[in-house]
Structures are given as structure tokens and as C-alpha cells.
Number of protein chains: 2
Amino acid sequence: MAGKVTIQDIANMCQVSKSSVSRYLNGGYVSEENKEKIKDAIEKTGFSENFFAKRLKTKKTCLIGIVIPRIDSVSVGKLLNGISDVFDANNYTSLIQISNLDSKKEVQCIQSLYQQGVDGIIVDSCGITKKHIEMAGQLDIPLLFTGQKNEYVNYKVIDDYAAGAIMGKYFRNFKHRNVVFLGVSESDESVGIYRKQGFIDAFGDAGTVRFVETDFSFLAAYRKGAEVMKSKPTAVICATDNIALGLMRYFNEQQIKVPQDVSLAGFGGYDISSVMYPRLTTISFDYTLLGQKTALSLLRLINGEEINLQDEIPLKLIERDSVQMAVNEIE
Amino acid sequence: MAGKVTIQDIANMCQVSKSSVSRYLNGGYVSEENKEKIKDAIEKTGFSENFFAKRLKTKKTCLIGIVIPRIDSVSVGKLLNGISDVFDANNYTSLIQISNLDSKKEVQCIQSLYQQGVDGIIVDSCGITKKHIEMAGQLDIPLLFTGQKNEYVNYKVIDDYAAGAIMGKYFRNFKHRNVVFLGVSESDESVGIYRKQGFIDAFGDAGTVRFVETDFSFLAAYRKGAEVMKSKPTAVICATDNIALGLMRYFNEQQIKVPQDVSLAGFGGYDISSVMYPRLTTISFDYTLLGQKTALSLLRLINGEEINLQDEIPLKLIERDSVQMAVNEIE
DNA sequence: CTGTTAGCGCATTCAC
DNA sequence: GTGAATGCGCTAACAG
């Protein structure tokens, strides 16, 4: 029965004009006396304002669009948590659309969100194409990317190159000379290129890095086990914790001991990596913080302010039990 | 620059009235000639209708509210996937709110969603309180619960009792006589009561079932390891795969072999359970299907149709490597 | 401090 | 078939 009462109704009840009610609602000048009356009437009727009318009038929709690649991913979950922390606090509601890791669908989602009248859009992208850049230029609302970066658009990302570099230096110091980097396709620039390249550059001439390509799933990594071990590496660095987990299963089956027979490391710092056995050494990304910063930045953009693209998210190497000093063969 | 063009603008361009444009948009009578002109104008300008104005006018918002307990959970992710399958296909957009496993917040989310003018709400609840029931009665839009059930509200759930029963029968047949059920608090009726009770009833007088309480996190389960093993059970049944995973870490550390020393099983059928070593025997729930059915049911409710509460989701026991026949001590 | 007035963009009578 | 007129519920000048 609620929901049908309008500000006109409560204006009538209080013998005031609806302007006064509107002012009451929006913090304008209203006499104490009327304030009381209006407050009572609102409580009694259970009145709630009509968002559509309000938005139609004010142009500010207080709606944010978010495009994510998939929903069932730990990192996306944390990112979303961070984002909603900020938007909840600022009275924005978010419309979430799922691109299913499809770049084309991603563009469609942006379109659809735009049509819904959102004030701005966050895109957790899996690959920025020319089409994305084109849209970013055409739309009259701000677009902010995360997950991937590109010089022609606004973005807020993890510093994947730096993360790779930390890991590269770590394994170099641990005297590993023959390692495998189990990574993903370069179509995902962040993980496929920057993260890998950071590792390679920092590892430098310490030894050889062989690259094996897989995707983000447990299963694919598990299946790559034999190929990974072909070169008898002393360590395997996986582009994500998930990948490490899949490989771990292969190791278990083959009775390959971690870290005695081979060291293993990942990226991500998911909860799961601390509950595996052995616990996985990894670089943790604070996706929740990334989400918060991304949301904050979008808000700035919406208000016409500038944002700082270089404001990076802290990275932390979490040393656990899956890596040991290499026992180098006599050469 | 797009987004500002209204039906009035394109009406002017075509020398027709905006009524005609509106008719064109909504499939009313328009002459072929005008149809063409309007179509061209729309394409040229990139016109898109203002959702708020439309919704203000038509009352149908085509918006659905969804309340979930957390975002970073596999089951919630799958559920959401199923839900969005259906809503995407029916041109509904969803507003998602996160309750953080807090019953009070859940009610607030429902309120907030209602105020946003959604046509209906799906609540993936972690506990239905009197407040929930009260709201369900007051609101003039349909409310559909999932995750938890209650005789006073509409719901669509997994049959947790049946799932527990399948597991109970399984362990009974496998001759286990001294087992531990590592479950969660009864405040979560579905998992805490029905799932457990189903197990106990089906296991029956085959032996003793000791109950140990934990929460849904890996870590808590890991910490309960010692308490779980105190009674030297031949099998541990965990209320979720996550819980099994946490316990597994304890077993690994303690050199307790699964399934040789103790059998282990979970509920959920998450991907992760197939990549653990040993692979976890579990009961898989099709959360995606549940999501689809839930969404479909809400649509029916919105259209004033009846829904079938008893239409259950299929359950499947997935036998893998973590359970073996009990080697019973001579008695 | 308050009421009156005028739209926001659209769908929908109702005459033509 | 089409256009003019009306109002959805609300905010924002504007004069009082």
C-alpha cells in the first residue's frame, strides 16, 4: 500500500505546499513548526520519494555502471566490495553487467549502461580495443577502466610490472637459474604482458625463463603440468594463485614435492593460497583498496575533477612455504 | 554529446509531432513514410530514450532488486549468473546490494531497493527474521527468498535436508560408524539445521555422529582440526567444500592421510574441490539453475501468477577420492 | 521562510 | 493515421 503517496499528498496533509515538503527533503529552509508536521506525516504514511521523478528533474541519476568480466572470481569479488564501500557511502547505486570475458560484450554493456542513464561507468576490462577508446571519446559521461590500462583512457590499475619485478628479484636472490613462468595470453596485457615482463626483466640474466601459456582456470593449469616440468625447472612462477593451485594438483599426483623438488609461487594473495598445503608464496594485491580508489576516482571524474593515474596500489610479497633456496647442481 | 537528444528533437527534425515518434518507439500506428524518416533521424542523432521519464510515466520500472550476503563466494557467484541469464533475456536490469551476512542490513537493503522503485526483489538470505516476514507482508511488490526458507514467505531453495540425507546414506553404506559432522551455527537454518539433520536422520543408528561447529571460512575450519579429530572419527563430513578445504590443510600438516586415515566429504561441488588433492567427494548443487528458477519465479510473481515452492533443484553426489570404505576395528 | 509557476522527457487520451 | 493537450512526481526559480 505504500509507495503511492507523493509529496503532494503529504503537503495536503500538512496544509503546506509541496515545495516546502521538497525543501524539507533536500535540506532547504523550513520552519521548525512545519518541519515537525512534515516529519510526522512522512512517518505516518511511510512516504518515500520517487527516484525516477527526482532523477528526471535533477539530471543527476546517482547511478553508476559497472562492467565486470565474470562474477565468480575472487579478485572481482574483492574489487566489487571496495567499489560498493565507496558508492554506498555516497548514496550511489550501481548497475552491474557481466561481459563474460568478451571484449565485444563489454562494449555492449557500456552502451546499455549508458542508456540507463548512469552518471559514470567503471569497466573491469579484459582487453581494451579501439572500440573501447572510441566510446570513451564519444560518451558524455566519464569512463574509468581497471584491470587493463591504455594511454588513451582513464584507468586505475595494479602495477603488474612492479609485481612481476618483485617476484623476479626474489627468485634471482634465491639462486634459481632454470625457471618456468606459467602465464596467460598476451591478449590480456596486464597479466599476459606486464606481469610477465616485470618478472623477466628483474630476473634478468640470472638464468633461463621458459614461458608456458595457459588460461585462468584450475584445470588448464593442471593439464599443463607435464609441459611445465619438461625442462626440469627448479621453480615455477604462476601468473595467478589459481594457476598455481591447478599445477599443485599435478604435483601432488606426480609425487613432486613442493618446495623440495620444485619451488612454486603465484600472484594474487587469495585466501585459498594460505590454506593449500604447502602454503603458497605469492604477491598479494589489495583489490578491495583498488576498488575503493577506482570508485573514488570515478566520483571525481563525475564532478569534473582531475584524477591521478599513477597512484598505485601497494604490493606485498607474502613469503610462505612453497619456495626455497635453489640447490644448484655443480657446474 | 549524445544523450541530450529527446523525442522532441527528432520530432522536429522529421516535421512530425513527438506523439508519432513515441508511437514509432512503442509500436503504434505510423505511416511507412514517417517510419523511415524517424528511423533515419534516430540513427543519425544516436538518440536513446530517457529511462527515467519513461519509467515515471509507465510505472513499470523493469528494475529488479537482489540482496546477497557477500559477493566473494562461489555459490553466490553462480546464483547471480543464473539470475542474470534470465533477467538479461527479459530486459530487466538488476540492482545488487550486499548485506554482509547481516540480517539487519538485509532488511535495510530491501527497503532501499524498494525505494529505488524495483518491480520485485530476490533475497539470498542468511536468516529470515520476523522483520523480514513483516516487510514481505507490507510491500506492494513481490519478495522472493532463496538460501533460506520459511512458511510465511515465498522462497526457492536447494533441498538441504535431502542433500544431507544422501550423504548420510552414503557414509552409512560405507560402514562408517564414528563420524564428525563439521557444520555451522543453527542461525543459518538451511545449512545449520536442515543439511545437518538430513545427514543425521539418514545415517541413523549406524553409529555416532559428533557435531563440531565452525563458520564458513577456511581458517576457522583449519583451527577446528584438533577438536574434530579428538574422537578419532573414521570420517568427517563438512557442511561446505570450503570447510573441507580448511580441514584438509590441518590434515596435511598433521600428516593425516585422506582417505586412508580419515574420509572427508563436503557439500557444494565447487571447482576447487576437484583440484584439491585428493579430489573431494561432495554433493553438487546447481546454483546457476537455482538462480534461473528463482528469477523466473520472481517474474511470475510480478505478473501476478502463482509459483511452485516445491520445485526442487537436482542434487548430485560426486564420488571422488576422499572417501573410502571404513576399515572397522574389531569389536 | 513560503507558495506559485514552470518544466524535466515521455506515453496517452482525445479530437481531427 | 496524426497532433495537441495533459500529467507522471519532483525540483528550482521566482515573487511574495
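Per chain, numbering begins at 1; letters A, B, ... match sequence-line order. Note that the coordinates shown come from a computational prediction; the quantities given were computed from them, not determined experimentally.
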So, [X] and [Y]: side-chain donor and acceptor under 3.5 Å apart, yes or no?
X: A/S20; Y: A/N34; result: no
X: B/Y114; Y: B/D140; result: yes
X: A/K60; Y: A/Y92; result: yes

Ignoring hydrogens and angles, tell me if any N or O in the side chain of A/Q148 forms a donor-acceptor pair with the backbone of A/S190 under 3.5 Å. yes

Any donor-acceptor pair under 3.5 Å linking the side chain of B/S112 with the backbone of B/Q108? no

Can you pull the side chain to side chain donor-acceptor pair (under 3.5 Å) pairs that have at least one residue in residues 80-91 of chain B, sequence neighbours excluded? none

Provide, to the nearest angstrom, the distance between the OH atom belonging to B/Y29 and the P atom belonging to D/dG3. 17 Å

Is the phosphate of D/dT2, meaning OP1 or OP2, less than 4.0 Å from a side-chain N or O of B/N34? yes

Ion pair present between A/D72 and A/R70, side-chain N to carboxylate O less than 4.0 angstrom? yes

Review item, nucleotides 7-11 of chain D N/O atoms under 3.5 Å of protein N/O:
from, atom 1, to, atom 2, distance (Å)
D/dG7, N2, B/K57, NZ, 2.5
D/dG7, N3, B/K57, NZ, 3.1
D/dC8, O3', B/K59, NZ, 3.4
D/dG9, OP1, B/K59, NZ, 3.2
D/dC10, OP1, A/N50, N, 3.1
D/dC10, OP2, A/I7, N, 2.4
D/dC10, N4, A/K18, NZ, 2.4
D/dT11, OP1, A/N26, ND2, 3.3
D/dT11, OP2, A/S22, OG, 2.8
D/dT11, O2, A/K57, NZ, 3.3

What is the 5' to 3' range of DNA chain C, first to last nucleotide, that sits under 4.0 Å from any heavy atom of chain B? C/dG9 to C/dT12

Side-chain heavy atoms of A/L301 within contact of A/N154, under 4.5 Å: yes

